[in-house]
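Heads up, the thing below is written out as structure tokens.
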Amino acid sequence: MNNPTALQLIDVTKSFAHKKVLDGVNLQVGVGEILSIVGPSGVGKTTLLRTILGLETVDQGQFKVNNQAFNPKDHSQNKIGIVFQDFRLFPNLTVLQNIMLAPLRVQKVPHDKVDGDVQQLLNLLQLEEQKDYYPFQLSGGQKQRVAIARALILRPQILCYDEPTSALDAQNKSQVSELLRTFKERQITQLVVTHDLEFAHEVSDRMFNLGEQTQ
């Protein structure tokens, strides 16, 4: 790998009820690279993603971001963003409110600064016309783009996707592929967990088969 390393996992192990789900996993992702994590159902792809996000505690192993030790459970640094499979939009908030909530409430970013960032994302993700819509008024592809905008507004160094094509038709899959390539041009490191091998082959610089635990 010629790119500087954005994310590295070293000997990551995780068990549930004495069943080892992750057994000494080692992987690394270069800056601006798109890496897809693939493998059969039940192999631990979602568990691996949850450890990277700090949603599961590992039994052993190390995490590094930009070659520096990193604690995934320390969310104050906003180094890793996530687009969940079910999007997890707040149904009582508009598109604009969903995107602005975290920087205003959590990061305490000034409103005028958030306004500028949001406008750029609305334009980039072609959501300007839907900014005052509520989630129930959006298509699956539009909901996903809102979820992506909500992750990007926090300026993560690494953006993760959990099954990004699971609820999308062919046209929307193509749009997601284009978005990932656009983010790659902006040097955003992207990690994709997917069962969709066709999509993975299309968008990825490399694939990591967790079932084989080789790169």
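In what follows, residues are counted from 1 in the order of the sequence shown.
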*Which pair of non-hydrogen atoms, one from I82 and one from L159, has the smallest distance, and what is that distance?*
N-CD1, 4.2 Å
_G44 versus V21, closest heavy-atom pair with distance_ = CA-CG1, 3.7 Å
*Identify the heavy atoms of N209 and G39 that sit nearest to each other, and give their distance.*
OD1-CA, 3.8 Å
_Qualifying residues under side chain to side chain contact (heavy atoms under 4.5 Å, CB included), relative to E185, sequence neighbours excluded_ = none
*Donor on one side chain, acceptor on other, Q62 and D11, under 3.5 Å*: no
_Value rounded to 0.5 Å, distance of CD1 in I37 from CG in L191_ = 4.0 Å
*Keeping the roles fixed (side chain from R145, backbone from L125), state whether a donor-acceptor pair exists under 3.5 Å.*
yes
*Quick one: CZ on F63 to CD on Q8, what's the gap to the nearest 0.5 Å?*
11.5 Å
*Taking R150 for the side chain and R88 for the main chain, is one N or O donor matched with an acceptor at less than 3.5 Å?*
yes
_To the closest 0.5 Å, what do you measure between CG (L48) and CZ (R50)?_
12.0 Å
*Measuring from Q175:CD to T182:OG1, what's the distance to the nearest 0.5 Å?*
11.5 Å
_Atom pair OG1 (T47) and CZ (F16), whose distance is rounded to the nearest 0.5 Å_ = 4.5 Å
_Could you work out, with salt bridge (Lys or Arg N to Asp or Glu O under 4.0 Å) as the rule, every residue matching K73, not counting sequence neighbours?_
none
*If you draw a 6.0 Å radius around CD in Q126, do more than 12 non-hydrogen atoms from other residues or ligands fall strictly inside?*
no
_Audit row: D205, K184, salt bridge (Lys or Arg N to Asp or Glu O under 4.0 Å) steps and yes/no_ = CA-CA 10 Å; D205 295 302; K184 177 180 172 62; 2.9 Å; yes
*Listed by chain and number, what are the side-chain hydrogen bond (donor to acceptor under 3.5 Å, both in side chains) partners of S204, not counting sequence neighbours?*
S36
*Would you call K45 and D162 a salt bridge, using N to O less than 4.0 angstrom?*
no
Side-chain polar contacts of residues 114-124 - donor-acceptor pairs under 3.5 angstrom, sequence neighbours left out - could you list them?
residue	atom	partner	partner atom	Å
D115	OD1	H111	ND1	3.4
D115	OD2	H111	ND1	3.2
D117	OD1	K113	NZ	3.3
D117	OD1	R155	NH2	3.2
D117	OD2	K113	NZ	2.8
D117	OD2	R155	NH2	3.4
Q119	NE2	N123	OD1	3.4
Q119	NE2	E128	OE1	2.5
N123	ND2	Q119	O	3.3

*Could you state the interatomic distance from CZ (F70) to CG (L9), rounded to the nearest 0.5 Å?*
10.0 Å
*asked:* Side chains of Q144 and N172 only: does a donor on one sit below 3.5 Å from an acceptor on the other?
replied: no
*asked:* If we count only N and O atoms by modelled type, under 3.5 Å, do the side chains of D196 and T165 hold a donor and an acceptor together?
replied: yes
*With no hydrogens and no angle check, do the side chains of T189 and E33 hold a donor and an acceptor under 3.5 Å apart?*
no
*If every non-hydrogen atom of I80 is compared with every non-hydrogen atom of P156, which pair is closest and at what distance?*
C-CB, 4.0 Å
*Within the side chain of Q157, is there an N or O that forms a donor-acceptor pair under 3.5 Å with the backbone of A6?*
no
*Is the backbone of K173 close enough, under 3.5 Å, to the side chain of S177 for a donor and an acceptor to pair up by distance?*
yes
*Are any side-chain N or O atoms of T94 and backbone N or O atoms of Y133, one a donor and one an acceptor, separated by less than 3.5 Å?*
no
*Are the side chain of K14 and the backbone of T57 linked by a donor-acceptor contact shorter than 3.5 Å?*
yes
*Residues in salt bridge (Lys or Arg N to Asp or Glu O under 4.0 Å) with K143, at least two apart?*
none
*asked:* Clusters formed by hydrophobic residues whose side-chain heavy atoms approach within less than 4.5 Å: which one holds L93, and what are its other members?
replied: F90, L101
